[in-house]
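Keep in mind that this is a model prediction, so the values were computed, not measured. Reminder, nothing fancy here: chain letters follow the sequence lines and each chain counts from 1.
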Amino acid sequence: MDNCLGRKIRMDYKQKVTAALTAALDGQLTADEISNKIERPKTSDKGDLAFPTFTLAKVLHQAPQQIAKDVATKLDTTGFEKVEVVGPYLNFFFDKNTFSEETLKTVLTEGADYGKNEEGAGGNVPIDMSSPNIAKPMSMGHLRSTVIGNSIAEILTKNGYHPIKDNHLGDWGTQFGKLITAYKLWGNEADVKRDPINKLVEYYVRFHKEDVEHPELDDEAREWFRKLEAGDPEAHKLWAWFREASLQEFSQVYEELGVTFDTFNGEAFYNDKLEEVVQILKDKNLLVESQGAQVVDLSKYDLNPALILKSDGASLYITRDIATALYRDRTYAPAKNLYVVGSEQAYYFKQLKAVLTEIGLPSASKLQYVPFGLITVDGKKLSTRSGRIILLAKVLEESVKLAGEEINEKNPDLPNKEEVAHQVGVGAIVFGDLKNERTNAIDFVLADQLKFEGETGPYVQYAHARAESILRKAASVDVKAGGNEISDPEAWDTIKTLADFPATVKMACAELEPSVIAKFAIRLSKTFNKYYAHSKILAEDAELSARLALVKAVSTVLKESLRLLGVQAPDEM
RNA sequence: GUCGCAAUAGCUCAGCUGGAUAGAGCAACGGUCUUCUAAACCGUAGGUCGAGGGUUCGAAUCUCUCUUGCGACACCA
């Protein structure tokens, strides 16, 4: 990874520091070596950027402290407020006035485009995301894939890519054989019409209960799925009905989350493209028979063989995923091909990538598995079959309800209460999911999700609402970025944080990690809240206009950060 | 059994490429609303960074071994 991205520091100033040091060191270290060692001090009193001299100690055979002193005397410090020597460190302090003015002017001029870059050069990036299973309710696991995928899409766009959000619906596979079998045995049309998903799940769960004692049910299910794949009219009709009814329920959740998709090419979409997959594998001599099934040997990748066709000739998950990769390759010529799927499928994606590499698919190397941590309850995996599920719709409902209660208590005169309750309630859940590194596993506790204080979505939303409130009250004041220094020291951290946004956007993209943005949003909110508590922004003095420029910039960047996470930013709450 | 991921404060987590006294939030305790929204701010308390070795001037960070937890290991997805 690019070193500059990893540090989240102020690029321009880092270059200035590098240049000054390169000149002072007179070739003892290259500019790159210097740049790599520059770091951000932990606390503001140690300056804005620092250079530790330890590495020079080896080259010069001198004590780092002495080196720091020597270098400092040779250093050209124009453009900096000061450079301090503290032990083995050289601490650089920026010229606050210039830095503030430049930063605020940039944010105000660029507005919502601040932080944007064109690194992606418009490259297509299909994202396999959300992917709920037909006839099963969406649970918290699907929330993760949905909101992570959605945020990554926004982040990619901000970095100049062209994401294609693909809801790779689980609308095919043996479970439909089971479902059809169960429906034909115990189902009835009226029940399903009234309450589609719940009824279908009921049948599904019952199937798994009964097949323990009646294993012949499994044979029947397999037969139904085989018929479905063969285009049997009855099977197809039931399948289409289940699918449509499920999609309608899903769309409500998506609307609530504010997530849209570019395509809904579920697994069924690839059904007629599987023959070609098998043909290609045959042509390349990759397919071998093993225990009656057709497999691709992956021993040279140190992986187990990939099972392509079952012994009864039916397709599997990987068969359809190969078809998907093929389709994406031809349709999009992807710059990246992303799969936002739970971390328990890590091994599977290694296999998939290996098979695609064997096939020689041009975009095989672009396949990037974007795992996220498992959600458990009481440390156990969720399972529709066993009834251990967390219904996403319920969680959102609870959160919105609680947000409504908070509003009634804290801001009862708010005009659009319901809308804001929705924005805050849903925002809390989405932000909560994206806040931490996506591979962290989550043991679900409802009360943990319903938090609106501290490092949460509402905290960031609140900081934004406060900023907007000030701007409303100061509507008549001319907001200018330049001209005046903001003498308040509390403002400095806020301005420096604002300046970190572009590098943060890049890092989030490089790591496909929404938490990088979330963490930034918290940091910016924190510095702003501190500033807000510390000084009176609307005081009538010479710096008023500059302070308002800062408030405006904070509001802009907070709103944009939240947008990148798929969270709304109400102006009042 | 093999492979993968993890282990940091009571809880949930940060800790960027090894660097200056290991940081937040929640919970606990105390303080701050006649003044821009107290969903906020300030303070107190709380940690031999799972254990042991190695590399290094320097290790929570890199490496090895072990322990514990979770996950994956072909006819589910």
Side-chain angles (χ1 to χ4, degrees), chain A residues 1 3 5-9 36-37 39-43 46 50 52 54-55 57-58 63-64 86-89 91 131 133 170 172-175 178 222 267 290-295 302-312 314 316-318 320-321 341-348 350-351 371 373-374 376 379-381 403 406-407 409-411 414 424 428 435-437 439-443 445 448 451-456 458-459 461-463 465-474 507 511 515-516 519 522-523 525-526 529-530 532-539 551 572-573:
Chain A
M1 195 184 70
N3 288 325
L5 301 186
R7 306 239 72 180
K8 291 196 272 185
I9 50 179
N36 285 345
K37 283 290 165 189
E39 57 187 55
R40 181 172 58 191
K42 281 178 189 162
T43 51
K46 297 190 186 72
F54 300 103
T55 27
K58 253 183 235 159
V86 182
Y89 286 88
N91 292 339
S131 314
N133 292 320
W172 207 245
T174 319
Q175 81 265 24
K178 294 177 184 174
R222 262 193 291 277
E267 293 181 53
S290 169
Q291 298 169 32
Q294 299 291 316
V295 308
D302 213 13
L303 293 168
N304 291 335
L307 185 55
I308 306 292
L309 290 177
K310 298 196 238 179
S311 37
D312 66 0
L316 280 150
Y317 189 43
I318 198 165
R320 304 188 282 271
D321 261 348
V341 181
S343 57
E344 68 273 21
Q345 292 191 38
Y347 191 81
Y348 167 77
K350 275 187 194 166
Q351 289 181 310
L374 197 67
T376 54
K380 282 185 206 138
K381 211 178 155 178
E406 293 279 312
I407 291 167
E409 193 184 312
K410 288 171 172 144
N411 195 357
L414 190 69
V424 172
K435 183 177 77 170
N436 292 321
E437 208 178 326
T439 47
N440 288 359
I442 297 174
D443 193 47
V445 179
D448 289 353
K451 290 233 166 92
F452 300 157
E453 280 159 26
E455 296 178 346
T456 64
Y459 177 85
Q461 289 174 318
Y462 183 66
R466 278 179 142 183
E468 280 302 309
S469 171
I470 289 176
L471 294 171
R472 273 196 305 277
K473 295 217 157 84
M507 183 160 94
E511 296 182 359
S515 70
V516 168
K519 291 253 154 61
I522 289 170
R523 191 154 64 91
S525 302
K526 209 175 267 186
N529 274 333
K530 199 169 187 170
Y532 180 102
H534 181 266
S535 55
K536 174 88 179 163
I537 293 164
L538 285 175
V551 174
E572 236 181 308
M573 62 187 271

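The P atoms of B:rA27 and B:rC11 are separated by 16 Å, rounded to the nearest whole Å. Separating the P atom of B:rG10 from that of B:rG47 is a span of 7 Å, rounded to the nearest Å. Taking the P atoms as reference points, B:rC57 lies 47 Å from B:rA40, given to the whole Å. A distance of about 13 Å separates the P atoms of B:rA39 and B:rC26, rounded to the whole Å. Distance noted for atom P between B:rG50 and B:rA22: 15 Å (whole Å). Spacing between B:rA72 and B:rG58 at atom C1', rounded to whole Å, works out to 39 Å. Rounded to whole Å, the separation between the C1' atoms of B:rG30 and B:rG71 comes to 45 Å. Nucleotides B:rU8 and B:rC13, compared at atom P, are 9 Å apart to the nearest Å.
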| said: Could you spell out the base pairing of RNA chain B as a dot-bracket line? Use Watson-Crick and G-U wobble contacts where both distances are under 3.5 Å, [ ] for crossing pairs, | for partners on a different strand. | reply: (((((((..((((.....[...)))).(((((.......))))).....(((((..]....))))))))))))....

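For A:Lys435 against B:rU12, a side-chain-to-base donor-acceptor contact under 3.5 Å is absent.
A donor-acceptor distance shorter than 3.5 angstrom exists from the side chain of A:Asn91 to the backbone of A:Lys46, with no hydrogens or angles considered. At least one donor-acceptor pair closer than 3.5 Å links the side chain of A:Tyr347 to the backbone N or O of A:Asn304.
In this view, A:Lys310 satisfies the salt bridge (Lys or Arg N to Asp or Glu O under 4.0 Å) rule with no residue, not counting sequence neighbours. For A:Glu406, the side-chain hydrogen bond (donor to acceptor under 3.5 Å, both in side chains) test picks out A:Lys410, with sequence neighbours left out. A:Lys381 is linked by a side-chain hydrogen bond (donor to acceptor under 3.5 Å, both in side chains) to nothing, counting only residues two or more places apart in sequence or in another chain. When the side-chain contact (heavy atoms from CB on, under 4.5 Å) test is applied to A:Thr456, the partners found at least two apart in sequence or on another chain are A:Lys451, A:Pro458, A:Tyr459. Considering only residues two or more places apart in sequence or on other chains, A:Asp312 meets the side-chain hydrogen bond (donor to acceptor under 3.5 Å, both in side chains) condition with none of them. The side-chain contact (heavy atoms from CB on, under 4.5 Å) check on A:Ser290 picks up A:Val295, with sequence neighbours excluded. With sequence neighbours excluded, the residues satisfying side-chain hydrogen bond (donor to acceptor under 3.5 Å, both in side chains) with A:Arg222 are A:Asp219. In this view, A:Tyr317 and A:Tyr348 satisfy the ring-ring contact (aromatic ring centres under 6.0 Å, His included) rule, not counting sequence neighbours.
Between the CE atom of A:Met573 and the P atom of B:rA38 there is a distance of 12 Å, rounded to whole Å. Spacing between atom NZ of A:Lys451 and atom C1' of B:rA27 amounts to 8 Å, rounded to whole angstrom units. The interatomic distance linking A:Asp448 (CG) with B:rC13 (P) rounds to 9 Å, in whole Å. The separation between A:Lys350 atom NZ and B:rU2 atom P is 16 Å, rounded to whole Å. We find that CD1 of A:Ile442 is positioned 18 Å from P of B:rC11, with the value rounded to whole Å. Residue A:Lys46 contributes atom NZ, which lies 8 Å from atom P of B:rU21 at whole-angstrom precision. Here the P atom of nucleotide B:rG25 and the CZ atom of A:Arg523 are 15 Å apart, to the nearest Å.
Anti is the glycosidic conformation of B:rC41, whose angle departs from 0 by more than 90°.
Heavy-atom nearest nucleotides on RNA chain B were determined for A:Pro88 and for A:Glu406, and the one closer to the 5' end corresponds to A:Pro88.
Annotation: side chain of A:Glu572 is in contact with side chain of A:Leu414 (closest heavy-atom distance under 4.5 Å). Between A:Leu538 and A:Ile470 the shortest side-chain heavy-atom distance falls below 4.5 Å.
Contact record, A:Gly170 with A:Gln175: O-NE2, 3.8 Å, taken as the closest heavy-atom pair. What you find for A:Ser343 and A:Gly373 is that their closest heavy atoms are OG-CA, 4.0 Å. Between A:Lys435 and A:Ile522, the closest heavy-atom pair is CD-CD1, 3.9 Å.
A:Val424 comes within 4.0 angstrom of a nucleotide base, judged by non-hydrogen atoms across all strands. Residue A:Lys536 is classed as a base contact, given a heavy-atom separation below 4.0 Å to a base. Residue-level contact check: A:Asn440 touches the backbone only, with heavy atoms under 4.0 Å from sugar-phosphate atoms and none from bases. Residue contacts shown for A:Ala539 are absent, as no nucleic acid heavy atom lies under 4.0 Å away. Across all strands shown, A:Asn91 has heavy atoms under 4.0 Å from base atoms, whether or not it also approaches the sugar-phosphate. Within the 4.0 angstrom heavy-atom criterion, base atoms lie near A:Ala465.
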Can you tabulate the close N/O pairs, meaning under 3.5 Å, that link protein atoms to atoms of nucleotides 71-77 of chain B?
{"residue": "B:rA72", "atom": "OP1", "partner": "A:Lys381", "partner atom": "NZ", "Å": "2.9"}
{"residue": "B:rC73", "atom": "O2'", "partner": "A:Asn304", "partner atom": "ND2", "Å": "2.6"}
{"residue": "B:rA74", "atom": "N1", "partner": "A:Ser290", "partner atom": "OG", "Å": "3.0"}
{"residue": "B:rC75", "atom": "O2", "partner": "A:Ser311", "partner atom": "N", "Å": "2.7"}
{"residue": "B:rC75", "atom": "O2", "partner": "A:Ser311", "partner atom": "OG", "Å": "3.3"}
{"residue": "B:rC75", "atom": "N3", "partner": "A:Ser311", "partner atom": "OG", "Å": "3.0"}
{"residue": "B:rC75", "atom": "N4", "partner": "A:Gln291", "partner atom": "O", "Å": "2.5"}
{"residue": "B:rC76", "atom": "OP2", "partner": "A:Thr174", "partner atom": "OG1", "Å": "3.2"}
{"residue": "B:rC76", "atom": "OP2", "partner": "A:Lys310", "partner atom": "NZ", "Å": "3.0"}
{"residue": "B:rA77", "atom": "OP1", "partner": "A:Thr174", "partner atom": "N", "Å": "3.1"}
{"residue": "B:rA77", "atom": "OP1", "partner": "A:Arg320", "partner atom": "NH2", "Å": "3.1"}
{"residue": "B:rA77", "atom": "OP2", "partner": "A:Tyr317", "partner atom": "N", "Å": "3.4"}
{"residue": "B:rA77", "atom": "O3'", "partner": "A:Glu267", "partner atom": "OE1", "Å": "3.4"}
{"residue": "B:rA77", "atom": "O3'", "partner": "A:Glu267", "partner atom": "OE2", "Å": "2.6"}

Heteroatom pairs (N/O) under 3.5 angstrom, protein to nucleotides 40-45 of chain B:
{"residue": "B:rA40", "atom": "OP1", "partner": "A:Gly454", "partner atom": "N", "Å": "3.0"}
{"residue": "B:rA40", "atom": "O3'", "partner": "A:Asn529", "partner atom": "ND2", "Å": "3.4"}
{"residue": "B:rA40", "atom": "O2'", "partner": "A:Arg466", "partner atom": "NH1", "Å": "2.8"}
{"residue": "B:rC41", "atom": "OP1", "partner": "A:Tyr459", "partner atom": "OH", "Å": "2.6"}

Enumerate the protein-to-nucleotides 57-62 of chain B contacts in which both atoms are nitrogen or oxygen and the separation is below 3.5 Å.
none

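Using a 3.5 Å distance cut-off with no hydrogens or angles, the side chains of A:Ser515 and A:Asn436 do not pair a donor with an acceptor.
Considering only the side chain of A:Leu538, B:rC36 comes nearest among B:rG4, B:rA14, B:rC36. The side chain of A:Glu437 sits closest to B:rG15 out of B:rC26, B:rA39, B:rG15.
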